[in-house]
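First comes the structure, then the notes that go with it.
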Amino acid sequence: MNRRWTLVPIVLSALFFTACTSSPSGPYTVHKDGAPPPVIGPEDVLDAVPRADPILSAGNKSPYKVNGETYEVMRDASAYRERGIASWYGTKFHGHKTSNGEIYDLYRATAAHKTLPIPSYVKVTNLANGRSVVVRVNDRGPFHPDRVIDLSYAAAVKLDYMANGTAEVEVEVLQVAGVDDRRGSAGGDYRYLQVGAFGVAPSAQRLQAELAAFLTFPVNINTVNSGQGTLYRVRVGPIADHEAMAQVQRQLEQMGYNSVQPLP
């Protein structure tokens, strides 16, 4: 585990900090990082599913500087493969924003990396036991000289190094078929923009009304079973035109909605 750092300023209202998470307990209020009270096993962790996510400005500022060191985000990470030390992070950051404005959920397979484009999908293999996990990179870090990636609590559980804190791993970028250039485009087969996800219906309904007041596209609430209860997702769409989708996403981000995610 290590002290983390994020590029994105906190701009959303307290509404998101109290409800925008798929975990039933919401954000943890802790001073030290660690594992959550509801422990899970490797069989409970689902791999991230690679898809043609657009590479937007959120989380991809380049170059950027942390602790006196300058980092540049890779323009082309298609051949990236590296071995090194992986750490993990948990309760201290659960329910708070990652570098691209998404909400960190320690029960999902995600990761932080210093220079991979956000988002990226990588396969991480624990070299000590051969276990692998597919994670979605949506955060920056770990800013520690001998570490190459910082995994979520769930991903560390799946690789069976949560108790040790670190492990020697191999990190390999996974390619998404049919995608040539995701930068600056909404790309892929997306039709919706998810602006928030809540554990209770009234919070989702308030955001729906807020968005409907200024958007010309439909704003709807989609309910899914997250495995830990019903999740109410607030989505804008359908939007058939990719340019229109990119424009709406920029509009929402400029207004402070930094958790916007394109969806099929």
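Nothing fancy with the numbering, it's 1 onward along the sequence.
- The NZ atom of K114 sits 10.0 Å away from the NE2 atom of H144 when rounded to the nearest 0.5 Å.
- Here the shortest heavy-atom pairing between P63 and T70 reads CB-CG2, 3.8 Å.
- In terms of heavy-atom proximity, G90 sits nearest to Y153 at CA-CB, 4.4 Å.
- Atom OG of residue S57 and atom CD1 of residue I118 lie 11.5 Å apart, to the nearest 0.5 angstrom.
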| Steps toward side chain to side chain donor-acceptor pair (under 3.5 Å) verdict (N220, Y192) | CA-CA 10 Å; N220 56 77; Y192 297 91; 5.4 Å; no
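- T125 is not listed as a side-chain neighbour of V169, based on a closest heavy-atom distance of 4.5 Å or more.
- Scanning all heavy atoms of the two residues, the minimum distance from L116 to A77 falls at CD2-CB, 3.6 Å.
- A distance of 8.5 Å separates CD in Q205 from OH in Y232, rounded to the nearest 0.5 Å.
- Counting non-hydrogen atoms of other residues, nucleotides and ligands closer than 6.0 Å to CG of N67 gives a total of 12 or fewer.
- The aromatic ring centroids of Y64 and Y71 lie less than 6.0 Å from each other.
- Linking Ile, Leu, Val, Met, Phe, Trp and Tyr whenever their side-chain heavy atoms come within less than 4.5 Å puts Y257 and V219 in one cluster.
- Looking at heavy atoms from C-beta onward, V122 lies out of side-chain contact with V134 at the 4.5 angstrom threshold.
- Heavy atoms only, all atoms of each residue included: A244 and F217 are closest at CB-CZ, 4.2 Å.
- Once rounded to the nearest 0.5 Å, the distance linking CZ of F198 with CZ of R206 reads 8.0 Å.
- With respect to K158 and D44, no salt bridge is recorded, no charged nitrogen being found less than 4.0 Å from a carboxylate O.
- Under the 3.5 Å distance criterion, the side-chain polar atoms of R140 are matched with a main-chain donor or acceptor of G59.
- When all heavy atoms of L174 and P50 are compared, the pair lying nearest together is CD1-CG, 4.2 Å.
- In this structure, a donor-acceptor pair under 3.5 Å is present between the side chains of N222 and R233.
- Within the 4.5 Å cutoff, side-chain heavy atoms of L127 are placed close to those of E170.
- A donor-acceptor pair shorter than 3.5 Å can be found between the side chains of Y89 and D139.
- We find the CG-CG distance between L211 and L193 to be 10.5 Å, quoted to the nearest 0.5 Å.
- Counting only heavy atoms from C-beta outward, the side chains of V195 and L207 approach each other to under 4.5 Å.
- Heavy-atom neighbours of E82 CD from other residues, nucleotides or ligands within 6.0 Å: above the threshold of 12.
- In terms of the ring-ring contact (aromatic ring centres under 6.0 Å, His included) criterion, residue partners of Y80 (sequence neighbours excluded) are, by chain and number, H113.
- Scanning all heavy atoms of the two residues, the minimum distance from A154 to V45 falls at O-CG2, 3.4 Å.
- Both M74 and V124 are part of a single hydrophobic cluster, where members link through side-chain heavy atoms under 4.5 Å apart.
- By the 4.5 Å heavy-atom criterion applied to side chains, S132 and N126 are not counted as neighbours.
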| said: Before you tell me yes or no, could you show the steps for M255 and F214 under side-chain contact (heavy atoms from CB on, under 4.5 Å), namely the whole-Å CA-CA distance, both residues' side-chain angles and the distance that decides it to 0.1 Å? | reply: CA-CA 11 Å; M255 296 183 69; F214 65 87; 3.5 Å; yes
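- Annotation: the span from W88 atom CH2 to N164 atom CG amounts to 11.0 Å, rounded to 0.5 Å.
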| field | Intermediate values then yes/no, side-chain contact (heavy atoms from CB on, under 4.5 Å), S152 and Y104 | value | CA-CA 9 Å; S152 64; Y104 173 59; 3.6 Å; yes
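- Contact annotation: the side chain of I85 never approaches that of V148 to less than 4.5 Å [non-hydrogen atoms, C-beta and beyond].
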| Test log, rule side-chain contact (heavy atoms from CB on, under 4.5 Å), inputs D150 and F93 | CA-CA 12 Å; D150 208 5; F93 307 96; over 6 Å; no
| field | Trace of the side-chain contact (heavy atoms from CB on, under 4.5 Å) decision for D105 with T110 | value | CA-CA 8 Å; D105 185 338; T110 61; over 6 Å; no
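- Using a 4.5 Å cut-off on side-chain heavy atoms (C-beta onward), I103 and S259 make contact.
- The side-chain heavy atoms of V73 and T115, taken from C-beta on, include no pair separated by under 4.5 Å.
- Salt bridge status for E172 with K123: absent, with no side-chain N to carboxylate O gap under 4.0 Å.
- With hydrogens and angles disregarded, a donor-acceptor distance shorter than 3.5 Å links the side chain of Q175 to the backbone of S78.
- At a cut-off of 3.5 Å, with distance as the only test, a side-chain donor of E102 or N100 sits close to an acceptor on the other residue.
- E253 and N258 share no donor-acceptor pair across their side chains, judged by distance under 3.5 Å alone.
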